[in-house]
Protein chains: 2
Amino acid sequence: MNALFKALDDPTRRKIIELLREKDLSAGEIAEAFNISKPSISHHLELLKKAEVVVAVRKGQFIMYSLNTTVFDELAKWVMDLLKKDK
Amino acid sequence: MNALFKALDDPTRRKIIELLREKDLSAGEIAEAFNISKPSISHHLELLKKAEVVVAVRKGQFIMYSLNTTVFDELAKWVMDLLKKDK
DNA sequence: TAGGTATTTAGACAAATATCTAAATACTGT
DNA sequence: ACAGTATTTAGATATTTGTCTAAATACCTA
């Protein structure tokens, strides 16, 4: 969970997540959505990967990124537990 | 949401949240749960307050902290939207 | 109002983070 | 095997963050 919360604590990474919610994208396509250098985006993708928020698969010349929503199930559970009225 | 994600990106602050889930506590009581100086805890509480995760009310000599779960509703919504299958 | 307890503010410092440019790696097609 | 495209790795730098100690503020009680 630590890595997940770290991954979510950045507007760029949250925007990447929202982009990937629409459809899978290559690293280059993701980078085009930002005014940030490709290496920086690559770094953000690395953190998202470490947190298991995204999965990277090479497709020939490209590396395609997609969301792994599994990890959000855990987050949803964490939040729901907090919201439960009875201790 | 930015402040909320920042607030959640720290193990100490997440533990504070879980302590406050059990019952309201004074700043001192919270500090006792950690091997961290009181000023540091005070700083964490400040961030949690900024994120509207906690509410502070002075009760005489003490300042009592309690959770404001409202902000987690928003987070739950954010997570649920991500998990929605369609689009 | 003086002394004690609770908490925060101020200021310093080390570690972590986001960003950049330059270079390295991996693949494609001729 | 070479030239081009896609992406990451390396190394540097400025900013942010978590922590500390010392001092300030706020309240209580005698």
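Throughout, protein chains are lettered first and strands after them, A, B, ... in sequence-line order, and every chain is numbered starting at 1. Only a predicted model underlies this, so the values are computations on that prediction, with no experimental measurement involved.
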Are A:Leu4 and A:Val53 packed together at the side-chain level, in the sense that at least one heavy-atom pair is separated by less than 4.5 angstrom?
yes
Linking I/L/V/M/F/W/Y whenever their side-chain heavy atoms sit closer than 4.5 Å, directly or via other members, would B:Leu82 and A:Leu45 fall into one cluster?
yes
Compare side-chain N and O positions of B:Tyr65 against OP1 and OP2 of C:dA6 and report whether any pair is under 4.0 Å apart.
no
So the ring-ring contact (aromatic ring centres under 6.0 Å, His included) pairs with at least one residue in residues 48-77 of chain A (sequence neighbours excluded) are none
Under-4.0 Å side-chain N/O to phosphate OP1/OP2 contact, B:Lys6 with D:dT17
yes
Let me check the geometry of the helix from C:dT1-D:dA30 to C:dT30-D:dA1. What is the bend angle between the axes at its two ends, five pairs each, to 10°?
30°
Check the phosphate of D:dT19 against B:Ser40, side-chain N and O only, distance under 4.0 Å to OP1 or OP2. Yes or no?
no
Verify, without hydrogens or angle tests, whether A:Arg58 (side chain) and A:Ile63 (backbone) share a donor-acceptor contact under 3.5 angstrom.
no
Filtered N/O pairs between nucleotides 23-30 of chain D and protein, under 3.5 Å:
none

Grab the NE2-P distance between A:His43 and C:dT21 for me, whole Å please.
16 Å
Return the value, rounded to whole Å, for the distance between atom CG of B:Asn2 and atom C1' of C:dA18.
14 Å
Let me know which of B:Ile17, B:Asn68, B:Leu20 forms a side chain to side chain contact (heavy atoms under 4.5 Å, CB included) with B:Val54.
B:Leu20
Can you check whether B:Leu47's main-chain N or O pairs, donor with acceptor, with B:Arg13's side chain at less than 3.5 Å?
no
Can you tell me if B:His44 touches the phosphate of D:dT19, counting only side-chain N or O atoms and a distance under 4.0 Å to OP1 or OP2?
yes
Spacing of B:Lys50 atom NZ relative to D:dG18 atom P, expressed in whole Å:
12 Å
Salt bridge flag under 4.0 Å for residues B:Glu46 and B:Lys50:
yes
Backbone of B:Asp81 reached by a side-chain donor or acceptor of A:Arg21 within 3.5 Å
yes
Using a cut-off of strictly less than 4.0 Å between a heavy atom of the residue and any atom of DNA chain C, enumerate the qualifying residues of residues 10-20 of chain B by number.
none
Rounded to whole Å, the CD1-P distance (A:Ile63 to C:dC27) equals 9 Å
Specify the separation, in whole Å, of atom CG of B:Leu8 and atom C1' of D:dT17.
16 Å
Grab the CZ-P distance between B:Phe62 and C:dA6 for me, whole Å please.
5 Å
Cluster link B:Leu48 to B:Phe34, ILVMFWY, side chain under 4.5 Å:
yes
Are B:Glu18 and A:Trp78 close enough that some pair of their side-chain heavy atoms sits under 4.5 Å apart?
yes
Which ones in residues 24-37 of chain A lie close to DNA chain D, meaning a heavy atom under 4.0 Å from one of its atoms?
A:Ser26, A:Ala27, A:Gly28
Separation of atom NZ in B:Lys38 from atom C1' in D:dC20, rounded to whole Å
15 Å
In the structure I gave you, are the side-chain heavy atoms of A:His44 and A:Ile16 within less than 4.5 Å of one another anywhere?
yes
Side-chain donor-acceptor pairs under 3.5 Å in residues 24-32 of chain A, sequence neighbours left out?
{"from": "A:Ser26", "atom 1": "OG", "to": "A:Glu29", "atom 2": "N", "distance (Å)": "3.1"}
{"from": "A:Ser26", "atom 1": "OG", "to": "A:Glu29", "atom 2": "OE1", "distance (Å)": "3.3"}
{"from": "A:Glu29", "atom 1": "OE1", "to": "A:Ser26", "atom 2": "N", "distance (Å)": "2.8"}

Any A:Val79 side-chain heavy atom under 4.5 Å of A:Leu75 side chain:
yes
Below 4.5 Å, heavy atoms only, C-beta onward: do A:Thr70 and A:Glu52 meet side chain to side chain?
no
Using atom CD1 of B:Ile41 as one end and atom P of D:dT21 as the other, report the distance to the nearest whole Å.
13 Å
